[in-house]
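Input: a single structure, listed below in structure tokens.
All chains are named by letter (A, B, ...) in the order of the sequence lines, taking the proteins before the strands, and each is independently numbered beginning at 1.
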Amino acid sequence: MKSEPQSELELLERASNIAGISFQELADEAKIEVPPDLRRDKGWVGQLLEWHLGATAGSKPTQDFEQLGIELKTIPISYSGKPLETTFVCVAPLVGVHGLTWETSHVRNKLSRVLWVPVEGEREIPLAERRVGSPLIWSPSEEEELQLKTDWEELMEMIVLGRVEQINARHGEMLQLRPKAANSRVLTEAYGASGKPIKTLPRGFYLRTQFTARILEQHFI
DNA sequence: GCGTGATCATGA
DNA sequence: TCATGATCACGC
């Protein structure tokens with residue numbers, strides 16, 4: 001593992017220095033194997049980049065670079081430069097949500113400052129040959145933050161009203177709520193009708209590709 | 001089971 | 001073709 005970067009500039013420089021490098025080359029340096037594909041290693045690219053950039057948070061529910069207040073997100077892009085996948089943000093709280101506000105939410109904290117690292121994501125490109133793209137540091141604009149806040153409040157209101165099982169991925173303009181679990185049999189506690197406890201599938205907040213596409217676009221304009 | 005890292009696979 | 005709902009691996 002590399003040391004933790006001591007400043008935002010140092011982090012950005014590290015990310016810039018691996019732009020254009022193939023996953024094979026990065027894996028060799030980290031002394032790890034490149035899997036044949038991502039079917040059984042969905043988080044492999046993210047962990048490869050964590051290693052190279054010196055992220056230390058591990059599986060803690062905090063920003064990847066706590067000291068710098070920065071979250072790392074790799075984002076797979078198509079040949080046209082558009083995101084191929086939505087972006088997971090964090091697990092959604094389903095209980096103990098009384099008094100939670102956007103201002104203190106994990107979503108806002110994680111997205112307050114993000115190092116986006118685009119990576120080649122087309123499945124027809126062998127994993128070992130895919131390359132890292134140019135990084136960018138981003139914070140939400142006022143408009144973006146308002147969009148996120150609006151979505152978050154709508155989703156959290158449904159959760160607190162015991163309507164979590166009526167939420168589907170079509171809710172939320174930019175921020176959506178979807179399953180986040182090992183499989184569909186996993187259960188966690190939530191509020192049901194009349195506030196009675198129920199067991200339901202754990203959920204996570206995800207950014208729509210439309211939202212992340214704009215972030216990347218604006219950087220290149 | 002929870003939270004991290006996410007992408008897969010299928011129906012519309 | 002594309003987004004939704006489901007899924008995979010790991011540390012603890």
Side-chain angles (χ1 to χ4, degrees), chain A residues 1 4 15 23 26-27 30 32-66 70-97 105-107 109-111 114-128 130 132-133 151 155 164-190 197-213:
Chain A
M1 187 58 118
E4 198 173 347
F23 294 173
L26 295 178
I32 58 177
E33 296 275 311
V34 181
D37 54 58
L38 295 177
R39 278 181 295 182
R40 296 195 162 273
D41 296 88
K42 298 182 180 182
W44 185 82
V45 179
Q47 286 160 1
L48 179 66
L49 270 289
E50 283 183 350
W51 188 93
H52 278 273
L53 299 177
T56 54
S59 64
K60 286 186 290 183
T62 61
Q63 289 161 310
D64 293 295
F65 301 94
E66 258 183 289
I70 297 175
E71 174 74 8
L72 168 66
K73 287 294 177 198
T74 59
I75 184 163
I77 56 168
S78 66
Y79 292 127
S80 63
K82 291 182 178 172
L84 284 165
E85 298 288 346
T86 55
T87 300
F88 172 70
V89 180
C90 60
V91 163
L94 301 183
V95 293
V97 304
S105 68
H106 286 177
V107 173
N109 179 249
K110 289 228 174 186
L111 297 181
V114 179
L115 174 65
W116 296 100
V117 182
V119 296
E120 289 181 332
E122 295 283 4
R123 291 188 207 177
E124 68 176 47
I125 307 176
L127 191 56
R130 296 184 200 172
V132 176
D151 289 339
L155 295 166
V164 64
E165 295 193 315
Q166 295 170 49
I167 300 174
N168 57 45
R170 294 154 188 91
H171 289 86
E173 274 190 74
M174 299 299 169
L175 189 70
Q176 58 179 183
L177 198 75
R178 303 219 310 275
K180 173 59 172 169
N183 56 61
S184 58
R185 279 95 61 195
V186 174
L187 295 174
T188 194
E189 193 159 277
I198 61 166
K199 289 287 193 177
T200 194
L201 194 54
R203 316 298 165 101
F205 288 110
Y206 295 80
L207 296 174
R208 294 187 183 280
T209 54
Q210 174 193 341
F211 186 81
T212 50

Residue H171(A) excluded, over 12 heavy atoms near NE2 under 6.0 Å: yes
Distance, rounded to the nearest Å, where K60(A) contributes NZ and dT4(B) contributes P: 12 Å
Touch class at under 4.0 angstrom, heavy-atom based, for R123(A) against every strand present: base
Under 3.5 Å donor-acceptor, E71(A) side chain and D64(A) backbone: yes
Distance below 4.0 Å between R40(A) side-chain N/O and dT7(B) OP1 or OP2: no
Over 12 foreign heavy atoms within 6.0 Å of CD, E173(A): no
Listed nucleotide nearest any side-chain atom of V91(A), set dT7(C), dT4(B), dG5(B): dT4(B)
Nearest to side-chain heavy atoms of Q176(A), which nucleotide of dT4(C), dG11(C), dG5(B): dT4(C)
Closest nucleotide among dG3(B), dT7(C), dG5(C) to the A169(A) side chain: dG5(C)
Derivation of the side chain to side chain contact (heavy atoms under 4.5 Å, CB included) call for F205(A) and R178(A): CA-CA 7 Å; F205(A) 288 110; R178(A) 303 219 310 275; over 6 Å; no
Most 5' of T62(A) and R130(A) on DNA chain B, judged by nearest nucleotide: T62(A)
Touch class at under 4.0 angstrom, heavy-atom based, for G46(A) against every strand present: sugar-phosphate
Interatomic distance where CG belongs to L201(A) and P belongs to dT7(C) [whole Å]: 9 Å
Side-chain donor/acceptor contact of Q47(A) with base of dC10(C) under 3.5 Å: no
Sugar-phosphate only, base, or nothing, as touched by L187(A) at under 4.0 Å among non-hydrogen atoms: sugar-phosphate
Between dA3(C) (C1') and I167(A) (CD1): distance, integer Å: 18 Å
Pair of N/O donor and acceptor under 3.5 Å linking dG5(B) base with K180(A) side chain: yes
Nearest-angstrom distance from the residue atom CZ of R170(A) to C1' of dG11(B): 11 Å
Whole-Å gap separating C1' (dA3(C)) and CD (E85(A)): 10 Å
Listed nucleotide nearest any side-chain atom of Y206(A), set dT4(B), dT4(C), dA6(C): dA6(C)
Residue-phosphate contact under 4.0 Å: S184(A) side-chain N/O, dT7(C) OP1/OP2: yes
Side-chain H-bond candidate by donor/acceptor type, E124(A) with Y79(A), under 3.5 Å: yes
Short side-chain N/O contact from K82(A) to OP1 or OP2 of dC2(C), under 4.0 Å: no
Nearest-angstrom distance from the residue atom CG of D41(A) to C1' of dC8(B): 13 Å
Minimum-distance nucleotide to D64(A) side chain [options: dT4(B), dA6(C), dC2(B)]: dT4(B)
T86(A) vs dA6(B): side-chain N/O to OP1/OP2 distance below 4.0 Å: no
Stepwise side chain to side chain contact (heavy atoms under 4.5 Å, CB included) test for I75(A) and V117(A): CA-CA 6 Å; I75(A) 184 163; V117(A) 182; over 6 Å; no
For atom NE2 of H52(A) and atom P of dG5(B), their distance in whole Å: 17 Å
Sugar-phosphate only, base, or nothing, as touched by P61(A) at under 4.0 Å among non-hydrogen atoms: sugar-phosphate
hbond_proxy K42(A) side chain to dT4(B) base (donor-acceptor, 3.5 Å cutoff): no
Atom pair distance, as rounded to whole Å: CG in N183(A) and P in dT7(B): 20 Å
Nucleotide of dG11(C), dG5(B), dT7(C) approaching A181(A) most closely (side-chain heavy atoms): dT7(C)
Sugar-phosphate only, base, or nothing, as touched by Q63(A) at under 4.0 Å among non-hydrogen atoms: nothing
Charged N-O contact under 4.0 Å between R130(A) and E122(A): no
Given DNA chain B, 5'-ward residue of the pair T87(A) and V186(A), judged by closest heavy atom: V186(A)
Touch class at under 4.0 angstrom, heavy-atom based, for R39(A) against every strand present: sugar-phosphate
Sugar-phosphate only, base, or nothing, as touched by K199(A) at under 4.0 Å among non-hydrogen atoms: nothing
